[in-house]
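Chain identifiers are assigned alphabetically (A, B, ...) following the order of the sequence lines, protein sequences preceding nucleic acid strands; residue numbering begins at 1 within each chain. Remember, predicted model here, so these are calculated numbers, not experimental data.
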2 protein chains.
Amino acid sequence: MPMQDMHHVHHECGDCPIRHRAVCARCEADELARLEQIKYYRSFQAGQTVIWSGDRMDFVASVVTGIATLTQTLEDGRRQMVGLLLPSDFVGRPGRATAAYDVTATTDLVMCCFRKKPFEDMMITTPHVAQRLLEMTLDELDAAREWMLLLGRKTAREKIASLLGIIARRDATLKLKAPKGAVTFDLPLTREEMADYLGLTLETVSRQMSALKRDGVILLEGKRHVTIPDFDRLMEEAGDDSDGGMLG
Amino acid sequence: MPMQDMHHVHHECGDCPIRHRAVCARCEADELARLEQIKYYRSFQAGQTVIWSGDRMDFVASVVTGIATLTQTLEDGRRQMVGLLLPSDFVGRPGRATAAYDVTATTDLVMCCFRKKPFEDMMITTPHVAQRLLEMTLDELDAAREWMLLLGRKTAREKIASLLGIIARRDATLKLKAPKGAVTFDLPLTREEMADYLGLTLETVSRQMSALKRDGVILLEGKRHVTIPDFDRLMEEAGDDSDGGMLG
DNA sequence: CGAAGGCTTTGATGTAAATCAAGATCAGGA
DNA sequence: TCCTGATCTTGATTTACATCAAAGCCTTCG
């Protein structure tokens, strides 16, 4: 089984601490498809909508490059981001005909799409696919629950610090280096998108960014470029439970 | 395959609108186990802790009767509920050694447990198990995302109305009748548990319950027994997006 | 170059929910 | 029966964040 071996070698390209998942997107995509003809690529520009909630969705997909968001909207326009899709993340649901969320490209984006019917067939005939998808979905569920704690119980400052930590970790992972000491990266989100992620207004996001800057927790160069001189300090500000796993 | 047929008959016992899932708990449990010796039942009293976050967890389980909660806690004691486990719901993660959340019985509870190692083996040898588990996990992820919208963007009054709607629907499902017109049920949660679910304080929960009562949206008999004279009215108060699926 | 339109910051003010503080209600046990 | 403690309600006050408003900063496009 050289194909199988190949697969495992690919997966050792790195493990993402944010979502606890292998991040080699191409590999993921190729593994899931197998059959060339059911898979195709689509590109989107930053800001473009991939699909609207309620639209017919005859494909499932995974992110190859770029960042996409899932958002829900109330009738009066209040918006909440409910998913942040990074390379290798999966979107769409086998066995559902319409999209449940708005999917938007926040950066230029390439997605690898699979026609739904043949993908569903493959799920049945190829057990490995369902098992892998389960693993990914469980990771997303854990991330969603962490996010719920943030939304329900953290202060604005803690929310911002948490988000910066998440982005910093993701970025460090893509560059294959641990987020210790000084970290630097570009924010992939506008202030409004950050607000939609965190359940805040864009003004509060802006104010808290300024406050963290004033207090030396972060350095800002322009509006988007962030440097974190002391990652542990940032994590303190995020107020996270740090004892998980060490008490039993 | 009479065993297989049996299974499908069982699953037609009802579909839960809250989590879009078959609710026949016994059936679920028996299907997942197959081998008698890897499965056992555990009972808990209301208020008892099933497992603490970080504890070693050498089993996975599903709820047979009663209600359990998953909660996360920050160092300073702020608590957020991140999961509400109803009969047939699954808890635990194949491939993880320790619990990620505190699991607590809010009512008297019976769980059907499976030793983890043989369960993991079964996941590999029996494709159907992984597929079923994927389906359930995707449902939970959808519920978590709905919950994120609630936590991030809804007012206290909307949060309470949403929670009452969720409980009413669950309860109606268990009784196999649609939640239209007048509905009546007992709250399975204390005010504090409701607050932990909703990201509020117990005082705010109490005040908003009183307000909904004053406005005739709900009737209260004692602290726990709730009657909803007009379910549509309650859903209006919940402020949910109602156009989902009808615009594309 | 200068106007136009996104983003972003910052300030002034308002308000929903938290916090602090009594009491009320109820169940169980002596 | 009356305590005792848990749970819940209600009131007074504070506060974190939202809202409203204005101005600053880039980019780009005429």
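Note on A:Leu202: a base of the nucleic acid sits closer than 4.0 angstrom, heavy atoms only. Within 4.0 Å (heavy atoms only), A:Arg78 reaches no atom of the nucleic acid at all. Residue contacts for A:Thr201: at a heavy-atom cut-off of 4.0 Å it reaches a base atom on one of the strands shown.
Applying the side-chain hydrogen bond (donor to acceptor under 3.5 Å, both in side chains) test to every pair with at least one member in residues 200-209 of chain B, sequence neighbours left out, gives these pairs: B:Thr201-B:Thr204. Judged as a salt bridge (Lys or Arg N to Asp or Glu O under 4.0 Å), not a single pair has a partner in residues 183-194 of chain A (not counting sequence neighbours).
Of all nucleotides in DNA chain D, those with any atom nearer than 4.0 Å to a heavy atom of chain B start and finish, going 5' to 3', at D:dC8 to D:dA12. Bounding nucleotides for the chain B contact on DNA chain C, 5' to 3', at a heavy-atom distance below 4.0 Å, are C:dA17 to C:dC26.
Taking the nucleotide of DNA chain C with the nearest heavy atom to each of A:Arg224 and A:Arg153, the more 5' of the two is matched to A:Arg224. Summary of the strand contacts: A:Gly222 and A:Lys154 both lie near DNA chain D, and taking for each the nucleotide with the nearest heavy atom, the more 5' one is attributed to A:Lys154. Between A:Leu200 and A:Lys223, it is A:Leu200 whose nearest contact on DNA chain D lies nearer the 5' terminus.
Using a 4.5 Å heavy-atom threshold, the side chains of A:Leu164 and A:Leu187 count as touching.
Ring geometry, A:Phe59 versus A:Tyr40: the interplanar angle exceeds 60°, so the pair is classed perpendicular (tilted spans 30 to 60°).
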Can you list the steps and then say if A:Arg145 with B:Glu140 is a salt bridge (Lys or Arg N to Asp or Glu O under 4.0 Å)?
CA-CA 11 Å; A:Arg145 283 171 168 163; B:Glu140 279 211 70; 2.9 Å; yes
Could you walk me through whether B:Arg233 and B:Asp215 pass the salt bridge (Lys or Arg N to Asp or Glu O under 4.0 Å) check?
CA-CA 11 Å; B:Arg233 171 79 195 285; B:Asp215 299 344; 5.5 Å; no
Set out, in order, the CA-CA distance, both residues' side-chain angles and the distance that settles side-chain contact (heavy atoms from CB on, under 4.5 Å) for A:Met81 and A:Tyr101, then state yes or no.
CA-CA 9 Å; A:Met81 199 183 292; A:Tyr101 315 101; over 6 Å; no
Working for salt bridge (Lys or Arg N to Asp or Glu O under 4.0 Å), residues B:Glu221 and B:Lys213:
CA-CA 10 Å; B:Glu221 214 176 316; B:Lys213 177 181 167 189; over 6 Å; no
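Near DNA chain C, meaning a heavy atom under 4.0 Å away, the residues from residues 203-212 of chain B are B:Glu203, B:Thr204, B:Arg207.
The one candidate from A:Thr106, A:Val50, A:Asp196, A:Val82 that meets the side chain to side chain contact (heavy atoms under 4.5 Å, CB included) condition with A:Thr69 is A:Thr106.
Salt-bridge annotation for A:Arg96 and B:Asp142: present, with a side-chain N of the basic residue lying under 4.0 Å from a carboxylate O of the acidic one.
Partners of A:Arg42 according to the salt bridge (Lys or Arg N to Asp or Glu O under 4.0 Å) rule, which considers only residues two or more places apart in sequence or in another chain, do not exist here.
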